[in-house]
Amino acid sequence: MARVVVDVMLKPDILDPQGEAVKGALPNLGVEGVERVRIGKRIELDFAEGVDAASVEEQARKVADALLANPVIEDFTIASVEADAPAGAS
């Protein structure tokens, strides 16, 4: 099984109100010195056994480009990870 992780983030010049809200709350937690917070999303795609490994990244890119990210305001990156790793680990 091949696992691909797609990380989707707002483009750097797009306002991130969630990130700003988290940044604003940090002093209430006693956390100081954080200059910037950006919020994104992580999607894991587990491909079935037997899927051509060479095409996994290409297929993940197709999914990310068409479904997972809004190309007007978001960028995405794709990384292959160990399929034996627990979901959510990187």
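Both Ile14 and Val72 belong to a single network of hydrophobic side chains, linked directly or stepwise wherever heavy atoms of I, L, V, M, F, W or Y lie under 4.5 Å apart. A continuous path of ILVMFWY side-chain contacts below 4.5 Å connects Leu67 to Phe47, so both sit in one hydrophobic cluster. Note on Phe76: it clusters hydrophobically with Val4, by side-chain heavy-atom contacts below 4.5 Å among ILVMFWY residues.
Here the closest heavy-atom approach between residue Glu74 and residue Leu68 is recorded as OE1-O, 4.1 Å. Of all heavy-atom pairs between Ile39 and Gly19, the closest is CG1-N, 3.4 Å. Scanning all heavy atoms of the two residues, the minimum distance from Leu45 to Val6 falls at CD1-CG2, 4.3 Å. Taking both residues in full, the closest heavy atoms of Arg38 and Met9 are given as CB-CE, 3.6 Å, listed atom of the first, atom of the second, then distance. Nearest heavy-atom pair across Ala60 and Ile78 is C-CD1, 3.8 Å.
For the pair Pro12 and Asp75, the minimum side-chain heavy-atom distance is below 4.5 Å. Inter-residue side-chain proximity for Val63 and Ile43 is flagged as unmet; no heavy-atom pair is nearer than 4.5 Å. Taking the side chain as every heavy atom from C-beta outward, Asp46 and Arg3 approach each other to under 4.5 Å.
By the 6.0 Å contact criterion, NZ on Lys62 is open, its count of non-hydrogen atoms from other residues, nucleotides or ligands being 12 or less.
Evaluation of the side chain to side chain donor-acceptor pair (under 3.5 Å) rule for Ser55 yields Gln59 as partners, not counting sequence neighbours. Qualifying salt bridge (Lys or Arg N to Asp or Glu O under 4.0 Å) partners for Glu57, counting only residues two or more places apart in sequence or in other chains: Arg61.
In this structure, the separation between CD on Gln18 and NZ on Lys23 is 16.0 Å, given to the nearest 0.5 Å.
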